[in-house]
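Below is one structure, written out as structure tokens; the observations come after it.
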Number of protein chains: 2
Amino acid sequence: MPTIRDVAKLAGVSVATVSRVLNSSSKVSEQARTAVLKAQRELDFHLNANARTLARKDSEIIGVTVSDVSDPYFGCMVRACENAAHALGCSLLVCQGLHEAEREIAAIENLLSHHCRGMIVHALTISDEKLCDYMRRVPSMVLINRQIDAFAERCVNIDNEKGEFLAVNQLINCGHRAIAYVGSSHSIADAKQRLAGYRKALQAHQLPLSPALMVADEPSLEGGIRAARELLSRGIYFSAVAVYNDTMAAGLMAVLLEKGIAVPQDISVVGFDDLMLARCLNPPLSTITNPVEEMGEAAVRLASSLYHHDHQAAALPNFEVRFVQRRSIVAPSATRWLDRQNSLTPLDGESKATAAFRRAQALADKSRP
Amino acid sequence: MPTIRDVAKLAGVSVATVSRVLNSSSKVSEQARTAVLKAQRELDFHLNANARTLARKDSEIIGVTVSDVSDPYFGCMVRACENAAHALGCSLLVCQGLHEAEREIAAIENLLSHHCRGMIVHALTISDEKLCDYMRRVPSMVLINRQIDAFAERCVNIDNEKGEFLAVNQLINCGHRAIAYVGSSHSIADAKQRLAGYRKALQAHQLPLSPALMVADEPSLEGGIRAARELLSRGIYFSAVAVYNDTMAAGLMAVLLEKGIAVPQDISVVGFDDLMLARCLNPPLSTITNPVEEMGEAAVRLASSLYHHDHQAAALPNFEVRFVQRRSIVAPSATRWLDRQNSLTPLDGESKATAAFRRAQALADKSRP
DNA sequence: CACTGCGATGTAAACGTTTACAATTATATA
DNA sequence: TATATAATTGTAAACGTTTACATCGCAGTG
């Protein structure tokens, strides 16, 4: 690998001049400039980013940790981060936590050792306390999808409670009374907040909160599938279900489809995040917009501002959540329920659990006003 | 930021000893070891990865360029790369090309300047020639989804032609004769190879190749939507469609759904890639497995081996493509076509294009053996 | 012509590690 | 006790940049 010295020698100038040309950091004679550029081309020379970092004390690297890049939610986030980093002349270092405590810590420590200009951290398993430690230590560290009051100005967040409230409220306004909730089994803020939103919406309409209608699992397609099976196996009537996120909702809908339960005619579904996936489902999924791209961008810009002690530019915007109406929600339909009474015995290949569910539906229908 | 010198001073040893402890590179007395570790904890010290890179001449960074991390296909790939990099003690630097020539070049140059241990490059717009230049220059650079014969042993690839052949062959074996193709408008190898697979399958069964049944667009959801509209607007009969990838297929299916054309009863659909998305669609999408995770992992391992001149370990495995049967394909059904004759006039809100399509369907049905 | 000021360039000291080599200390052996 | 050997530790020179400071040459001025 050629170094700046080789270029200097070939161009017949000093290393300082080469550095000046390559960084356009101060005026250089046209003559020297062309000589340097020529030598650079000839040697295929690229400044060594590591050496530069060492000398400049600025790594021009933004580090980001997410659970899993292949999760579409994080995919969008990372995309936005990379774009924002690029606009700042930075590169993006990506680490995955993969839902494991050990990996999450390793990811953060890794970013730490790279002395990143900014760190965007999404942590599922790390305690608030430990996270606070890191926040104190790294002034340009920004938390995403976490709320730690002591560092509120560095927490990029949406109002999850409001979002879920909007979703469930919409179901209620459509006429639903028995509304199940499929939550995330991770015990972090956004899971709790969305659950709180669900509760609050029920409460606001004096509807009872039934633990039998609530399940939780991993916030993945598989988690959604398991959760749906669990919920149906309980044989308790519900006409709608609010789901922690779109991915889980997709899993749930796949199970309903498989069991011959129609969405939205038999059960209305609402998700959260408004991923591309939501538009692809059949029927398209009503959901809550989660401005994840804006958040990723804002996080990167905030981190960079903090790094440069630019506390003016550093304020976070407000991130809007909004209900998006698609075709996965309709009013609960009495005629549908009645139709079903003809087929209360298990259909061919239908499991006991599903049969129980049908019976429950029919029962609930009879007891309706 | 504390340095290794601060730790050495606090622990009462030399910097070399600190380095030895922190790298477990050679034996150190238990006494010194604990003193160093204690000092490290006290100062919250982390070795500076940049300085280390400089001294060691190994960056422990794997660089990867993809078009767009939020594309589920690349999301899976990057996930696998990160995982493999982590297993090698490396970090992952991610750059996006975003389908722009300029950005793609910038991405590669960026990785170059970081002197990555390995580079995994997915390039859409860069010419073979230019890519060859880079390959010559960087011995541990690996191409993904590109085939350049001069560097075949560093091209991570599937047999796209075979994959698409399998897909179309399956449609034909189901009884389909009028099979449309929705391709990618990017002029790179895999697009061409998949198209070739489509052609080959038709040819193998002596079916005519009709340009009127072929469209191409961006390989995205939106591209799939546009392509579907274009195809339907032509008013030409087809009973099945093979699509460049699952994402486009999702867009196409959304359009069919919107127009009231049933999948698979009216039109069978087959995708490519076997993304999570394929399982979420309704009906679930038949597709071709694309072992993208294996490929990402293999690419990272190959790059790292090449970096260490370990040409033994460096051979690439064979990546299998396989047809995955799901419910988006059935035999073209005559009764269905006949049913439709009753509704040949445009339905309420139905566009002219769709009506033309229905008429074409009915016509094709009549002329059947 | 001497002097001032300025623009272009060069020199060399950082930046924070690793590691070859030298030096020191401890242990075993005669 | 002296010596050989092994184990541990320390010193200092890299690694490839940036940049403060010094130097040089030259145009403009008195």
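As the structure is a computational prediction, the values presented were derived from the model and not from experiment. Protein chains get the first letters and strands the later ones, always in sequence-line order, with residue 1 at the start of each.
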Report task. Ignoring backbone atoms, establish whether B:Thr17 has a side-chain N or O less than 4.0 Å from OP1 or OP2 of D:dG10. Result -> yes
Query raised in the report: What integer distance in Å separates B:His114:NE2 from D:dT17:P?
Result: 13 Å
Report summary line: Side-chain atoms of A:Leu47 come closest, of C:dT17, C:dC15, D:dT18, to D:dT18
Report task. Ignoring backbone atoms, establish whether B:Ser29 has a side-chain N or O less than 4.0 Å from OP1 or OP2 of D:dT9. Result -> yes
**Report entry** Euclidean distance, atom CG of residue A:Asn23 to atom P of C:dT9 [Å, nearest integer]
**Finding:** 16 Å
Query raised in the report: Rounded to the nearest Å, what distance is computed from the CD atom of residue B:Glu60 to the P atom of nucleotide C:dG16?
Result: 19 Å
Requested in this report: Would you mind reading off the distance between B:Arg33 atom CZ and D:dA7 atom C1', rounded to a whole angstrom?
Outcome: 16 Å
Report summary line: Here the distance between atom P of C:dG7 and atom CD of A:Gln31, to the nearest Å, is 18 Å
Query raised in the report: Is there a side-chain polar atom (N or O) of B:Ser14 under 4.0 Å from OP1 or OP2 of D:dG10?
Result: yes
Requested in this report: Determine, for B:Asp71 against A:Arg79, whether the closest basic-nitrogen to carboxylate-oxygen distance falls under 4.0 angstrom.
Outcome: no
**Report entry** Pair A:Arg103 + B:Glu82, salt bridge at N-O below 4.0 Å
**Finding:** yes
Query raised in the report: What's the closest nucleotide to the A:Arg52 side chain, out of C:dT18, D:dT17, C:dC15?
Result: D:dT17
Report task. Starting from P on D:dA7, measure out to CD on B:Glu30 and report it in whole angstrom. Result -> 16 Å
**Report entry** B:Arg117: which of B:Ile61, B:Asp58, B:Val300 passes side chain to side chain contact (heavy atoms under 4.5 Å, CB included)
**Finding:** B:Asp58
Query raised in the report: Which residue lies toward the 5' end of DNA chain C, B:Asn50 or A:Val13, if each is placed at its nearest nucleotide?
Result: A:Val13
**Report entry** Rounded distance in Å - CD1 (B:Ile4) to P (D:dT11)
**Finding:** 14 Å
Query raised in the report: Among C:dT17, D:dG16, C:dA20, which nucleotide sits nearest the side chain of B:Arg5?
Result: C:dT17
Query raised in the report: Nearest of C:dT17, D:dC15, D:dT9 to any side-chain atom of B:Arg20?
Result: D:dT9
**Report entry** Nearest-neighbour nucleotide for the A:Ala32 side chain, D:dC15, C:dG16, C:dT9 considered
**Finding:** C:dT9
Query raised in the report: At under 4.0 Å between heavy atoms, what does A:His46 touch on the DNA or RNA strands: base, sugar-phosphate, or nothing?
Result: sugar-phosphate
Requested in this report: Would you mind reading off the distance between A:Lys27 atom NZ and D:dT19 atom P, rounded to a whole angstrom?
Outcome: 18 Å
Report task. Identify which nucleotide among D:dT17, D:dT18, C:dT9 has an atom closest to any side-chain atom of A:Arg56, counting heavy atoms from C-beta outward. Result -> D:dT18
**Report entry** Any B:Thr53 side-chain heavy atom under 4.5 Å of B:Ser59 side chain
**Finding:** yes
Requested in this report: Identify, between A:Ala16 and A:Leu54, the residue whose nearest nucleotide on DNA chain D lies closer to the 5' end.
Outcome: A:Leu54
Query - A:Asp133/A:Arg136 ion pair, N-O < 4.0 Å - result: yes
